[in-house]
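Data block below; observations after.
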2 protein chains.
Amino acid sequence: MAGLREQKKAETRKAIIDAAVQLFSNKGFEKTSIEDIATVAGIGKATVYTYFSAKVDIFLTYCDDELEGAFSELATKQSRASDLHEQLLEFFMIMFRFVTRDREFGRQLMRATSFPEEANPALKEHNKYYFDFLENIFRSAAQRGEIATGQDYYYLSAHVFSLYFAALAGFYGGYSETAEDVENGLSIFFRQFIDGIKP
Amino acid sequence: MAGLREQKKAETRKAIIDAAVQLFSNKGFEKTSIEDIATVAGIGKATVYTYFSAKVDIFLTYCDDELEGAFSELATKQSRASDLHEQLLEFFMIMFRFVTRDREFGRQLMRATSFPEEANPALKEHNKYYFDFLENIFRSAAQRGEIATGQDYYYLSAHVFSLYFAALAGFYGGYSETAEDVENGLSIFFRQFIDGIKP
DNA sequence: TTAAAATCTCGAATGCGGTCGAGTTTAGCA
DNA sequence: TGCTAAACTCGACCGCATTCGAGATTTTAA
């Protein structure tokens with residue numbers, strides 16, 4: 001009868017995530033209590049903590065799964081973007097749409113990513129993926145002669161990544177309302193980045 | 001006897017900030033409770049909320065107060081001599097040094113302000129202060145002919161601000177060790193920003 | 001088969017941020 | 001000076017995340 005407990009655990013774990021995701025999208029992260037989640041999942045409140053070490057971890061686990069989806073979309077999608085500016089915009093808008101599919105999703109993800117209390121290995125892995133992807137974009141732009149060669153790709157990637165963060169912060173801070181607003185903002189940022197701001 | 005209340009209020013306010021800063025440096029933001037602060041400040045817990053609307057506001061206010069002096073000095077100094085790149089670097093390094101005076105302090109501050117759980121008016125005010133300052137830097141750079149005119153100063157400010165965030169994230173993520181490393185990173189970012197990255 | 005060890009469960013307890021409202025102090029004016 | 005309105009103070013309270021601990025269930029090994 002080995003594995004009975006394992007199997008139950010997997011079911012309970014899934015029940016918690018399902019309940020949490022459902023409640024989070026209905027009521028939002030803040031308004032959803034652990035007790036709500038436990039009740040919907042059909043378990044006791046304290047039992048949740050056998051599976052997740054904190055409320056936010058439930059959400060990050062879900063985020064993690066979702067991001068896998070975003071990356072696979074990126075990998076399969078044939079890029080129609082021709083120049084660097086378009087490529088950057090396309091890349092980040094795919095990420096943006098994914099991350100803000102549910103508003104809370106993006107916010108918590110950003111909180112966990114930007115100045116984490118504890119390092120989260122899964123998220124670090126994701127960031128590395130972003131950076132690798134970006135470095136490839138820059139490498140090919142350099143090959144096409146669109147940008148100067150001999151630049152540190154790491155700093156270029158970090159630069160555009162930070163602009164993406166700024167766009168997201170604007171979205172969550174109430175400065176931009178729609179995805180279109182965000183796209184316009186990003187477009188301006190990338191123009192500045194590529195062309196510089198001199199006369 | 002006019003101003004008696006005003007004076008007391010100012011004293012209490014200062015007592016709260018002092019207590020908070022002291023406790024925070026010792027125990028960290030999370031571990032310091034409002035009650036601790038109230039006790040050290042010699043007042044009741046609820047009274048803290050007459051002066052500050054939330055725990056983070058105490059720290060934001062402290063930062064605003066401390067940085068105000070540094071910046072007004074900077075404002076008068078900066079009009080002469082240096083160019084945009086240097087001015088930006090100077091501005092952000094003052095902020096960086098202040099914020100990382102105590103390492104934990106900086107991390108907590110960033111956590112509290114980057115993707116807040118709920119919109120916070122005081123936080124908006126706080127950020128607006130820095131943006132206004134940056135806009136002035138850009139305005140005078142435009143007047144000197146250093147950068148193209150007709151650009152949206154708001155986007156320029158947001159751009160450099162996001163680079164500062166990236167540098168800080170790098171510092172807390174373990175990518176740069178010393179203040180000097182951070183300054184070098186920022187310098188590279190600002191060069192990219194000003195000059196663009198084309199061949 | 002069985003009994004000890006390991007693990008899981010969950011109601012109860014803890015601690016904290018934040019609010020309430022009754023009591024107190026001050027300001028302003030007659 | 002006396003009186004009222006406005007503003008301040010703080011103990012008590014609320015809701016919620018997280019931890020405790022004691023009892024239930026499952027695994028392991030002989």
Side-chain angles (χ1 to χ4, degrees), chain A residues 1-17 19-21 23-24 26-62 104 107-108 111-112 116-118 120, chain B residues 1-17 19-21 23-24 26-62 108-109 111-113 116-123:
Chain A
M1 188 86 80
L4 192 158
R5 177 169 272 177
E6 283 303 310
Q7 191 183 322
K8 249 197 198 160
K9 278 197 74 172
E11 277 167 23
T12 302
R13 190 186 152 86
K14 186 167 182 326
I16 293 173
I17 294 179
V21 168
L23 287 165
F24 285 155
N26 286 346
K27 320 204 306 180
F29 183 79
E30 301 292 319
K31 297 271 183 68
T32 301
S33 71
I34 293 283
E35 195 151 23
D36 292 340
I37 295 171
T39 304
V40 172
I43 59 175
K45 181 181 172 180
T47 306
V48 172
Y49 287 87
T50 302
Y51 295 86
F52 299 94
S53 64
K55 187 179 173 185
V56 71
D57 278 356
I58 305 174
F59 205 72
L60 289 179
T61 301
Y62 166 69
E104 284 308 314
R107 190 204 307 277
Q108 296 304 334
R111 280 181 65 76
E117 196 71 51
E118 312 168 23
N120 181 325
Chain B
M1 189 85 87
L4 193 158
R5 176 169 274 175
E6 283 303 309
Q7 192 184 322
K8 249 197 198 158
K9 279 198 74 172
E11 277 168 22
T12 303
R13 189 188 152 85
K14 187 166 182 325
I16 294 173
I17 294 178
V21 169
L23 285 167
F24 175 75
N26 289 344
K27 320 204 305 181
F29 182 79
E30 313 276 343
K31 296 270 183 71
T32 300
S33 72
I34 293 282
E35 197 151 21
D36 292 339
I37 295 171
T39 304
V40 172
I43 58 174
K45 177 181 170 181
T47 306
V48 173
Y49 288 87
T50 303
Y51 295 86
F52 301 95
S53 65
K55 196 176 169 186
V56 281
D57 283 358
I58 303 175
F59 293 101
L60 289 182
T61 304
Y62 168 67
Q108 298 301 341
L109 187 70
R111 278 184 64 74
T113 56
E117 301 287 353
E118 301 173 30
N120 178 334
L123 180 57

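A, B, ... follow the sequence lines: proteins, then strands. Residue 1 opens every chain.
Here the nucleotide nearest the side chain of A/Ile34, chosen from C/dC16, C/dC10, D/dT18, is D/dT18. For B/Thr47, whose side chain is taken as the heavy atoms from C-beta onward, the closest listed nucleotide among D/dC10, C/dC8, D/dC16 is D/dC10. Closest to the side chain of A/Thr50, from the set C/dC8, D/dC16, D/dC10, is C/dC8. In the set D/dC10, C/dC8, C/dG18, the nucleotide with an atom closest to the side chain of B/Ala46 is D/dC10.
Contact annotation: A/Tyr51 side-chain N/O to C/dT9 OP1/OP2 distance is under 4.0 Å. Taking only side-chain nitrogens and oxygens, A/Lys9 comes nearer than 4.0 Å to OP1 or OP2 of C/dC8. Here B/Lys8 reaches the OP1 or OP2 of C/dT26: one of its side-chain N or O atoms lies under 4.0 Å away.
The CD1 atom of A/Ile58 sits 11 Å away from the C1' atom of D/dA17 (whole-angstrom rounding). We find that CD1 of B/Ile43 is positioned 16 Å from C1' of C/dT24, with the value rounded to whole Å. Computed from coordinates, the A/Tyr49 OH to C/dA12 C1' distance equals 15 Å when rounded to whole Å. Distance A/Ile16 CD1 to C/dC8 P: 12 Å, rounded to the nearest Å. Distance CZ (B/Arg13) to P (D/dC8): 12 Å, rounded to an integer number of Å. Taking atom CD of residue A/Gln7 and atom C1' of nucleotide D/dT25, one finds them 16 Å apart after rounding to whole Å. Distance CD1 (B/Ile37) to P (D/dC10): 15 Å, rounded to an integer number of Å. Taking atom CD of residue A/Glu30 and atom C1' of nucleotide C/dG17, one finds them 12 Å apart after rounding to whole Å.
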Under the side-chain contact (heavy atoms from CB on, under 4.5 Å) criterion, do A/Thr12 and A/Thr50 qualify, and how do the steps go? CA-CA 10 Å; A/Thr12 302; A/Thr50 302; over 6 Å; no
Before giving the answer on side-chain contact (heavy atoms from CB on, under 4.5 Å), spell out for A/Ile16 and A/Ile43 the whole-Å C-alpha distance, their side-chain angles and the decisive distance to 0.1 Å. CA-CA 9 Å; A/Ile16 293 173; A/Ile43 59 175; 3.8 Å; yes
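One finds the CG atom of A/Asp36 at 3.5 Å from the NZ atom of A/Lys27 (value rounded to the nearest 0.5 Å).
Among the heavy atoms of the strands, none lies under 4.0 Å from B/Ala38.
Classification of the A/Phe29-A/Phe24 ring pair by plane angle, with boundaries at 30° and 60°, yields tilted.
Checked by distance alone, B/Lys45 brings a side-chain donor or acceptor within 3.5 Å of a matching partner on the base of C/dG18.
Residues A/Ala19 and A/Ile37 come closest through the heavy atom pair CB-O, 3.8 Å.
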